[in-house]
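Only this structure's heavy atoms are used, side chains among them; waters, hydrogens and symmetry mates stay out. The sequence lines fix the lettering, A, B, ..., with proteins before strands; numbering per chain opens at 1.
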2 protein chains.
Amino acid sequence: MPAQGTHSARPCHSMSTSFQPHKAGDLHFLKRLNRSAILELVRRTPGLTRADIATQAQLTKATVGAGVQSLLQQGWLREGELQKSSGGRPGRALHLNDDNHVLFGAEVGVHGLRLVACTLSGQVLVSHHEHLVPTTPEVTAELLGELLRTLMASRHVAGRQSLGLGVALPGPIAPGKPVLRLAPNLGWRDIRFLDLLRPHLTLLEGTWLMDNEAKSAAFGELYFRTGQIPESLVYVSAGTGIGSGMVEGSHLPLVTRGMQGLAGEIGHTVLQPGGLYCHCGNRGCAETLVSGWSIRAALGIAEEEDLVATLLPRLNDSDVQVTLRRAGEALGVLLLNLHHAQNPSEIVLGGSLTQLGEPLLEPALAYFKANQNRLLGTSQQVPLRVIEDSTFVAARGAAAQVLASIIHGPSDLLQASF
Amino acid sequence: MPAQGTHSARPCHSMSTSFQPHKAGDLHFLKRLNRSAILELVRRTPGLTRADIATQAQLTKATVGAGVQSLLQQGWLREGELQKSSGGRPGRALHLNDDNHVLFGAEVGVHGLRLVACTLSGQVLVSHHEHLVPTTPEVTAELLGELLRTLMASRHVAGRQSLGLGVALPGPIAPGKPVLRLAPNLGWRDIRFLDLLRPHLTLLEGTWLMDNEAKSAAFGELYFRTGQIPESLVYVSAGTGIGSGMVEGSHLPLVTRGMQGLAGEIGHTVLQPGGLYCHCGNRGCAETLVSGWSIRAALGIAEEEDLVATLLPRLNDSDVQVTLRRAGEALGVLLLNLHHAQNPSEIVLGGSLTQLGEPLLEPALAYFKANQNRLLGTSQQVPLRVIEDSTFVAARGAAAQVLASIIHGPSDLLQASF
DNA sequence: CTGGATTCGTTTAATCTGAGAACCAATCGT
DNA sequence: ACGATTGGTTCTCAGATTAAACGAATCCAG
């Protein structure tokens, strides 16, 4: 904790793919890199000892020892129990220190605001879900600010050092700039949401960033994980629209954004050339087959009604079954196309539609499983996980992005500490 | 050039996404990183001065000076002309030194072998195209070895230090292992092609690697470029089958491979659920609509005939026009789906089918242009370039991968030099 | 033409980081 | 209880970068 005082809430729009033309650096940079490596190793494999780290990071015991000591002093790590020994001095387990810092994550969705405060290891300290009908960005920002202030004041959060805030938004983000280009379901366009939020949250320190909701979710699902970490992961968010986010790279997870922030807009990949008109103006988009609004359209459910709540009691109606089956089949095609285009190590399926369960999901998973191995002829299955309750997934993912931007990025929060 | 003698041809299967759990290192590592950065900057912007490099890489003049000196001595860089000054001592331009090294690239295609030898900046010194009907991996390897030996002995190549060989193959590569999992059009499966090649090329030093043809091509198109370098690039290879490769990341270009090496197999994304049967067993794959074999099937052209040569004189036949128009429309959908799923900064279209020209391409480009801005409503066009003669693109790309693996990777070729 | 200003590149001493080896600490097996 | 083994720390040393001063090469103004 540097004595010079508080860190300014220096906004950092999003985890850019690259900070500099090419990475180069001085001794300080090297030191920081090694501290990051230590922190990252412990983050992935809680309970590592200094000796383990030295082996895995290819550093000497001396270097690791010094690095761990500073990370302990800074409150990033804590020492745990002694490990079992097998004929030697037992090592001391190291863990992330979940007691000193707090990460804030929020999601602005079509149906409301979701907020979480969590620890370094992704443990949620407090969360809040506020229903809200779509309104202006300004009103939304003011409300979100108020709710976040409440969260900051809550018992489990107060007193912790804030590392920053991540905001997940339902639309593509401009690359390199903290601008939400479009949120069709909110009726927003070109919104600098963080700028709107800042006046209401002058006390929230640390790194601020915003990202697309599916991308944040994907990031969180990969990042807040320990043990065997997949090389890449795609999160498919099936709600009012359908989008996806991909994270790649085991040692510095990167989110694929694309030139215009459109990467992952799989809802507008065409599955049926010449098919139904989509709200985007094209025909045959995936969203015309599988999405909240296509299901509403097929079943004549008004926007005011909650789609899931309306459908759950009616799952046995034949029209509902047929509609969901068709949507599920399209979802299966979407998943398969994702598999052949990106081939992620893991697919996570979330969004409000997953609550509809079997009638929608069974056809999708069946199609995917039946066809995913056609090409190679193997029997290897891509892990595909369905999250029934994905309420806080994106918000938590945005918090994960804050942490990653501090550990891996150019933030001062770590740098200044060492 | 280290005095201790020749470098062993230590095979390195492919540019892995990550070499280590997390990057850490010592002073040597830092030095190497900075040398890489210098080399990379000059590679991108030929003619930079030491002062420019210091500014861009955030290094001091002293460090850059020392680094440049060693790179000059090693033959990686050369000094050029004095730059124009504006009221001060003029800087000396730096360029890649194209005179000392050579990179070998090869492509094993359905219709033959393509070989190139090129310089650090991607300039082709010699190339060779050998027609060959598909045969066994062993025979192919032997022939390729012989041809490469001829290339090595050629006037412009002899005497240069070999940095290695990259081989592009028409199928998915296993991740982390130098194994061609499948090449349907060659009838190959699980081939360790480099192992077959090695006995015939004991004299070819440096890094050996292999990769998928479209991925190599994508890499080369991004890497052997100067000036404004796109953040990401997708190469679509339209030939007998249809595949793609994506490269991302401006400061260390990475190829998306996927868990099973399937990333980019867009020929098997489904564009028409319930459509025609594909050779993979599924229905409605893109390849059933746009690919060499789907066009052959539609027009009844035997495998023995050269597709492009057969069609070129018949482009005005109505059945040919209709077939190519349909294929082109499907290609347009494929490009649009790529745009919405990955949103690359640039798309390059190559492969033998591009030689068919307008009748195929016009519908594809028209569809793509008409729909690429539906979502955002902007008028920004994704740069889309068609390569008419893509004969050596993949081979040259494989050579580029060799260079990149040496500059950015853990190779000794740079490390030992400093 | 000369001198000052400016920019480029190199040289010097100083600083800082990780490596390496010796050292102490703690446990296990016998 | 003792050696063997493994974990972690403390030294010194090699090395890479830095900062600051210096020399080099050009422009420009008078």
Contact pattern, 5' to 3', of nucleotides 18-30 of chain C - B, S or - by protein heavy atom under 4.0 Å: SSB----BBBS--
Atom [atom1] of [X] and atom [atom2] of [Y]: how far apart are they, to the nearest 0.5 Å?
| X | Y | atom1 | atom2 | result |
| --- | --- | --- | --- | --- |
| A:Leu39 | A:Asn34 | CG | CG | 12.5 Å |
| B:Trp76 | B:Ile38 | CH2 | CD1 | 14.0 Å |
| B:Glu40 | B:Thr45 | CD | OG1 | 9.5 Å |
| A:Leu209 | A:Leu165 | CG | CG | 7.5 Å |

State which residues pass side chain to side chain contact (heavy atoms under 4.5 Å, CB included) with A:Val42; sequence neighbours excluded, sorted by chain then number. A:Ile53, A:Leu77, A:Leu94
I'd like to check the side chain to side chain donor-acceptor pair (under 3.5 Å) partners of A:Ser121; sequence neighbours left out, ordered by chain and number. A:Asp98, A:Thr119
Quick test of your reading: applying salt bridge (Lys or Arg N to Asp or Glu O under 4.0 Å), list the pairs with at least one residue in residues 45-72 of chain A, sequence neighbours left out, ordered by first then second residue. A:Arg50-A:Glu79
Would you please name every residue forming a salt bridge (charged side-chain N to carboxylate O under 4.0 Å, His left out) with B:Arg89, sequence neighbours left out? none
Taking any atom closer than 4.0 angstrom to a non-hydrogen atom of chain B, what span of DNA chain D does the protein reach, first nucleotide to last? D:dG15 to D:dC27
Could you state the atom-to-atom distance from CZ of A:Phe29 to P of C:dC16 in whole Å? 19 Å
